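As structure tokens, the structure follows; a few thoughts come after it.
All values derive from a computational prediction rather than experimental measurement.
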Amino acid sequence: MLLAMDVGNTNIVLGLFDDNNMKESFRLSTDKDKTLDEYGIIFHDFLDFAKVDAKDINAAIISSVVPPVTGPLIDAIKKYFGVDAELVGKNLKTKINIVMDNPKEVGSDNIVNSVAVRAITNKPAIVIDLGTANTYHYLNEKGDYLGGIITPGFKISMDALSERTSKLPRVELEMPEHVLGKNTVESIKSGIMNSKIGEMDYIIKKILQEIGKTKDEVLIVATGGLAEKVAVHSEYVNLIEPNLTLLGLYEIYKMNHA
């Protein structure tokens with residue numbers, strides 16, 4: 001059984017794969033101060049929830065954009081499962097041709113998402129990851145990574161609004177019933193959610209114009225912790241896959257252990 005792990009700035013997402021299927025997934029907050037033993041306890045709680053014996057874990061793969069967390073996770077996997085975790089970006093092939101000024105600048109999560117998308121379709125694709133930062137990138141039909149866009153994510157926007165104003169509270173990120181809020185909380189929800197949805201659709205429209213494609217010619221896929229809440233309101237997104245990164249990690253593992 002394979003343990004796949006997507007380490008982001010806000011969350012760490014764990015997935016268990018067995019016989020070409022994802023058996024279970026689990027999301028926890030990213031904490032740079034956790035020790036390897038604390039992670040070990042979390043791992044065992046996850047396995048208990050999934051009804052899986054630790055002895056059944058015989059491989060692990062990690063994508064991480066948070067270097068201070070990567071080491072303790074690798075050490076915890078080794079200590080508690082006796083497995084050497086493999087890290088995306090360290091001698092693992094992905095078959096993604098990164099056509100950028102500096103390919104090493106591209107986050108491993110974007111590369112992993114690209115691998116997952118190539119397993120889904122041979123069509124051109126716009127890949128959207130709604131996380132701490134909202135990222136967009138474009139893959140052509142050959143699987144070439146041809147460029148991307150990075151914007152502040154929902155939480156960053158919410159934190160900035162709350163920290164830079166004296167009276168505006170933090171609110172739950174969810175779509176309000178009306179665009180025009182009748183109170184401060186509804187007004188903030190509407191402002192954050194609708195502005196980011198509008199941003200997303202505008203960016204997608206500009207990408208389609210630049211590549212000379214219609215939305216019907218391109219797979220437009222959204223992933224990330226808020227994908228199901230947000231992308232459902234887009235006029236362009238035609239696939240929502242919250243576990244895209246985990247699926248990409250599984251594809252990379254298979255690719256390197258055929």
Side-chain angles (χ1 to χ4, degrees), residues 1-8 11-27 39 43 46-47 49-66 69-70 73-74 76-78 80-99 103-104 106-129 131 135 137-146 219-225 227 239-258:
M1 186 170 290
L2 173 70
L3 172 65
M5 195 174 305
D6 170 29
V7 183
N11 294 124
I12 299 172
V13 187
L14 311 178
L16 286 174
F17 289 86
D18 189 21
D19 296 330
N20 285 323
N21 293 308
M22 187 166 71
K23 180 177 178 65
E24 194 58 78
S25 64
F26 188 76
R27 183 179 296 266
Y39 281 121
F43 292 161
F46 171 47
L47 294 184
F49 172 75
K51 296 180 173 57
V52 171
D53 193 308
K55 295 178 182 178
D56 293 333
I57 305 296
N58 52 26
I61 185 169
I62 298 174
S63 166
S64 176
V65 296
V66 192
V69 175
T70 310
L73 285 172
I74 291 175
I77 291 170
K78 179 66 174 179
Y80 288 94
F81 301 130
V83 169
D84 292 316
E86 299 183 75
L87 186 64
V88 175
K90 293 290 183 70
N91 303 317
L92 289 176
K93 62 185 178 183
T94 63
K95 298 182 181 179
I96 299 297
N97 180 31
I98 303 173
V99 187
K104 292 182 179 179
V106 177
S108 63
D109 50 351
N110 285 341
I111 296 171
V112 174
N113 286 341
S114 298
V115 172
V117 168
R118 296 308 296 164
I120 295 171
T121 183
N122 289 322
K123 292 172 61 175
I126 297 171
V127 187
I128 306 157
D129 194 340
T135 65
H137 67 268
Y138 173 64
L139 298 172
N140 67 11
E141 59 273 10
K142 296 178 182 178
D144 297 330
Y145 186 114
L146 296 181
L219 176 67
I220 305 173
V221 56
T223 189
L239 176 63
I240 299 173
E241 179 45 81
N243 293 314
L244 191 70
T245 312
L246 293 179
L247 297 173
L249 284 169
Y250 181 58
E251 292 297 327
I252 291 174
Y253 182 81
K254 288 195 301 180
M255 191 184 301
N256 287 270
H257 296 275

Open item on the list: Taking salt bridge (charged side-chain N to carboxylate O under 4.0 Å, His left out) as the cut-off, I'd like each qualifying pair that reaches into residues 247-258, sequence neighbours left out, listed once.
Closed with: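 Found Glu251-Lys254.
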Open item on the list: Applying salt bridge (charged side-chain N to carboxylate O under 4.0 Å, His left out) as the test, list every pair that has at least one member in residues 116-129; sequence neighbours left out.
Closed with: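 Found none.
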Task: For Val7, all residues meeting side chain to side chain contact (heavy atoms under 4.5 Å, CB included), sequence neighbours excluded - done: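 Side chain to side chain contact (heavy atoms under 4.5 Å, CB included) list for Val7, sorted by chain: Met5, Ile12, Ile62, Ser64, Val66, Val69, Leu73.
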Task: Pairing residues for Pro242 by the side chain to side chain contact (heavy atoms under 4.5 Å, CB included) criterion, not counting sequence neighbours - done: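 So Pro242 forms a side chain to side chain contact (heavy atoms under 4.5 Å, CB included) with Glu228, Ile240.
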Could you give the side-chain donor-acceptor pairs of residues 16-25 under 3.5 Å, partners two or more places apart or in another chain?
residue	atom	partner	partner atom	Å
Asn20	OD1	Tyr250	OH	2.8
Asn21	ND2	Asp19	O	3.3

Could you tell me if the side chain of [Y] sits less than 4.5 Å from the side chain of [X], heavy atoms only?
{"X": "Leu249", "Y": "Val88", "result": "yes"}
{"X": "Phe81", "Y": "Leu3", "result": "yes"}
{"X": "Tyr39", "Y": "Ile77", "result": "no"}
{"X": "Leu14", "Y": "Phe43", "result": "yes"}

Task: Distance-only donor-acceptor check, side chains Asn110 and Thr135, under 3.5 Å - done: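 Their side chains do contain a donor-acceptor pair, which is all the 3.5 Å distance test asks for.
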Open item on the list: Within the 3.5 Å criterion, strictly below it, is a donor on Asp109 or Thr245 matched to an acceptor on the partner's side chain?
Closed with: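 Not at all, the side chains of Asp109 and Thr245 share no donor-acceptor pair under 3.5 Å.
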Kindly list each side-chain donor-acceptor pair under 3.5 angstrom involving residues 91-99, sequence neighbours excluded, with atom names and distances?
residue	atom	partner	partner atom	Å
Thr94	OG1	Ile96	N	3.4
Asn97	ND2	Asp144	OD1	3.1

